[in-house]
Amino acid sequence: MADPMEKLIREFRVPPGRQIDLRRDFDPGYTSRYLSRQDARDHLEEGIGALSDFQDRLYAQNTYALLINLQAMDAAGKDSTIKHVMSGVNPQGVQVRSFKVPSVEELDHDYLWRNFKELPARGDIGIFNRSYYEEVLVVRVHPEFLERQQLPPRMKDPGIWKHRYEEINNFEKYLVNNGIVVLKIFLNVSKDAQKKRFLARVEQPDKNWKFSAADILERRHWDAYMDAYEEMFNHTSTPHAPWYVIPADHKWFTRLAVVSVINATLGSLGLAYPRVSADQKAALLKAKEEMEQETESPEKIPKGKKGKKA
Ligand code: AMP
Ligand code: MG
């Protein structure tokens, strides 16, 4: 039977080369009429198990790395999605990096510098919790960020965004050509759901720490952000590194969709445990033989010397 998520994954993908209308084409409240909440929970568990298997092979094969760029408006559920989706994966094979407002040192470099340093090694999954995409989102919505970047004056004209899309596409092409698979996920939360989650952060004491007054200021720029996201998708969803717009008003569905997209991406790589050569196999058998021939040591630890070396 075909995986019911397969069709959905195709629906979430921003088709490279086509123009999308973010608000018309993608519904943040979508949960697919085929899945109940319980259905989703069972599928999520399966998905988390499958991801763990893929990650094991990714690590053993040591050829590819997976970079997941996670973008969203505040309170869309980036952190909790990472926590749930990665809950079954060997922690040694996953790194999460969060990119905040750039430091003075970071501003003294080109904008990809800080991301470059944090790219996952072969065999690993790297999650960028926000990424270089902020350079065409928050920096576009707030031009004062651009002012702080020490750019050559001729670059600071309205053509800069097109340049950046092109630079990002080229950068990702370079990564993909070198075995670093690039998966880009946008958690698409509605303005109403964001409000509900913000209110919960104000009203529930154990959520107060998550709330920042600055989040309300950003909310005022909602439409400018949606425009910036839409244009970004239309320029940077490429065949080598497509964007996925994941409905984010229902967290149980978000998690299932995210794990499914990750598994579909890893599943397309043909990951396999490395096969050992005839020589290596012979060496393994020799080692086995040697261990089998070891005589059992009946040595007894003298009384009073437990745990101490003689
Ligand atoms: P959060 O992820 O909610 O903890 O917040 C991090 C903040 O850093 C967000 O408001 C981002 O918009 C901001 N940020 C991330 N990258 C950049 C960037 N390149 N330039 C300016 N602000 C950024
Ligand atoms: Mg925030």
Side-chain angles (χ1 to χ4, degrees), residues 22 67-86 95-119 126-151 155-156 160-169 171-172 182 184-191 193-202 207-233 235-236 243 246 248 251 254 258:
L22 181 57
L67 171 64
I68 303 174
N69 278 333
L70 200 53
Q71 283 292 154
M73 297 297 282
D74 283 314
K78 286 190 279 97
D79 296 326
S80 73
T81 301
I82 294 170
K83 181 167 121 185
H84 283 84
V85 167
M86 292 295 156
Q95 297 94 41
V96 184
R97 298 285 181 263
S98 297
F99 293 97
K100 313 263 176 188
V101 177
S103 67
V104 172
E105 186 193 15
E106 287 166 347
L107 286 173
D108 270 346
H109 292 266
D110 61 279
Y111 68 88
L112 288 176
W113 180 75
R114 65 176 185 165
N115 302 91
F116 227 113
K117 290 192 299 178
E118 303 293 351
L119 289 170
I127 302 175
F128 282 0
N129 183 351
R130 302 189 191 276
S131 65
Y132 43 90
Y133 279 103
E134 290 290 332
E135 293 292 336
V136 292
L137 295 167
V138 68
V139 178
R140 184 160 192 180
V141 173
H142 298 283
E144 61 273 21
F145 280 122
L146 195 59
E147 278 311 308
R148 262 180 255 158
Q149 301 186 357
Q150 314 285 90
L151 292 171
M155 288 311 297
K156 292 191 193 180
I160 188 166
W161 313 115
K162 288 249 162 63
H163 280 125
R164 288 200 165 171
Y165 299 140
E166 194 185 333
E167 288 153 9
I168 288 171
N169 288 341
F171 171 61
E172 291 177 347
V182 183
K184 303 181 302 202
I185 294 175
F186 171 61
L187 302 187
N188 188 24
V189 75
S190 66
K191 201 175 175 191
Q194 188 197 56
K195 184 175 175 178
K196 280 197 195 107
R197 291 178 194 176
F198 278 174
L199 287 174
R201 288 176 181 188
V202 172
K207 289 191 174 169
N208 284 170
W209 66 274
K210 285 192 191 174
F211 188 76
S212 135
D215 292 346
I216 292 292
L217 300 180
E218 282 316 277
R219 184 176 160 79
R220 292 189 194 151
H221 299 284
W222 186 274
D223 288 335
Y225 271 108
M226 291 304 111
D227 290 344
Y229 268 108
E230 182 175 284
E231 194 174 327
M232 179 192 84
F233 294 138
H235 285 90
T236 62
W243 272 104
I246 303 293
K251 289 191 173 186
T254 307
V258 168

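Both ligands and their constituent atoms are indexed starting at 1 by order of listing. Everything numeric here is computed off the predicted structure, so don't read it as measured data.
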Practice task
Report the residue from Trp243, Tyr165, Trp161 that forms a ring-ring contact (aromatic ring centres under 6.0 Å, His included) with Tyr133.
Solution key: Trp243
Problem - Distance filter under 4.0 Å to Val139 heavy atoms, resulting ligand 1 atoms - result: 20 (N)
Problem - Test item, Arg114 contacting ligand 1 (heavy atom, 4.0 angstrom) - result: yes
Completion exercise
Among Lys100, Lys210, His142, the residue with a heavy atom nearest to atom 4 (O) of ligand 1 is Lys100
Handout entry: Between Glu118 and Gln95, a side-chain donor and acceptor under 3.5 Å
Key = no
Exercise for the section: Verify whether one side chain among His142 and Glu218 offers a donor that lies under 3.5 Å from an acceptor in the other. Expected result: yes
Fill in the blank from the handout: In ligand 1, the atoms that come under 4.0 Å of a heavy atom of Glu135 are 19 (N)
Problem - Residue portion contacting ligand 1 (non-hydrogen atoms closer than 4.0 Å) for Asn129 - result: neither
Practice task
Find all atoms of ligand 1 within a distance of less than 4.0 Å from any non-hydrogen atom belonging to Asp74, and give their numbers and elements.
Solution key: 3 (O)
Practice task
With Arg164 as the cation and Tyr111 as the aromatic partner, state whether NZ or CZ is under 6.0 Å from the six-membered ring centre and within 45° of the axis.
Solution key: yes
Completion exercise
Looking only at non-hydrogen atoms, the one of Val138, Leu70, Leu137 nearest atom 21 (C) of ligand 1 is Val138
Exercise for the section: Specify whether Phe116 and Phe171 have parallel, tilted or perpendicular ring planes, treating 30° as the upper limit for parallel and 60° as the lower limit for perpendicular. Expected result: tilted
Completion exercise
ligand 1 atoms nearer than 4.0 angstrom to some heavy atom of Phe99 are 15 (C), 16 (N)
Problem - Short side-chain donor-acceptor distance under 3.5 Å, Glu172 and Tyr132 - result: yes
Completion exercise
Any heavy atom of Ala214 under 4.0 Å from ligand 1? The part involved is neither
Practice task
Determine, using heavy atoms of Ser98 and all atoms of ligand 1, whether some pair is separated by less than 4.0 Å.
Solution key: no
Problem - Salt-bridge present (Arg114, Glu105; N to O < 4.0 Å) - result: no
Handout entry: Side-chain donor-acceptor pair present, Asn129, Lys78, cut-off under 3.5 Å
Key = yes
Exercise for the section: Check each heavy atom of Phe145 against ligand 1 and say whether those closer than 4.0 Å belong to the side chain, the backbone, both or neither. Expected result: side chain
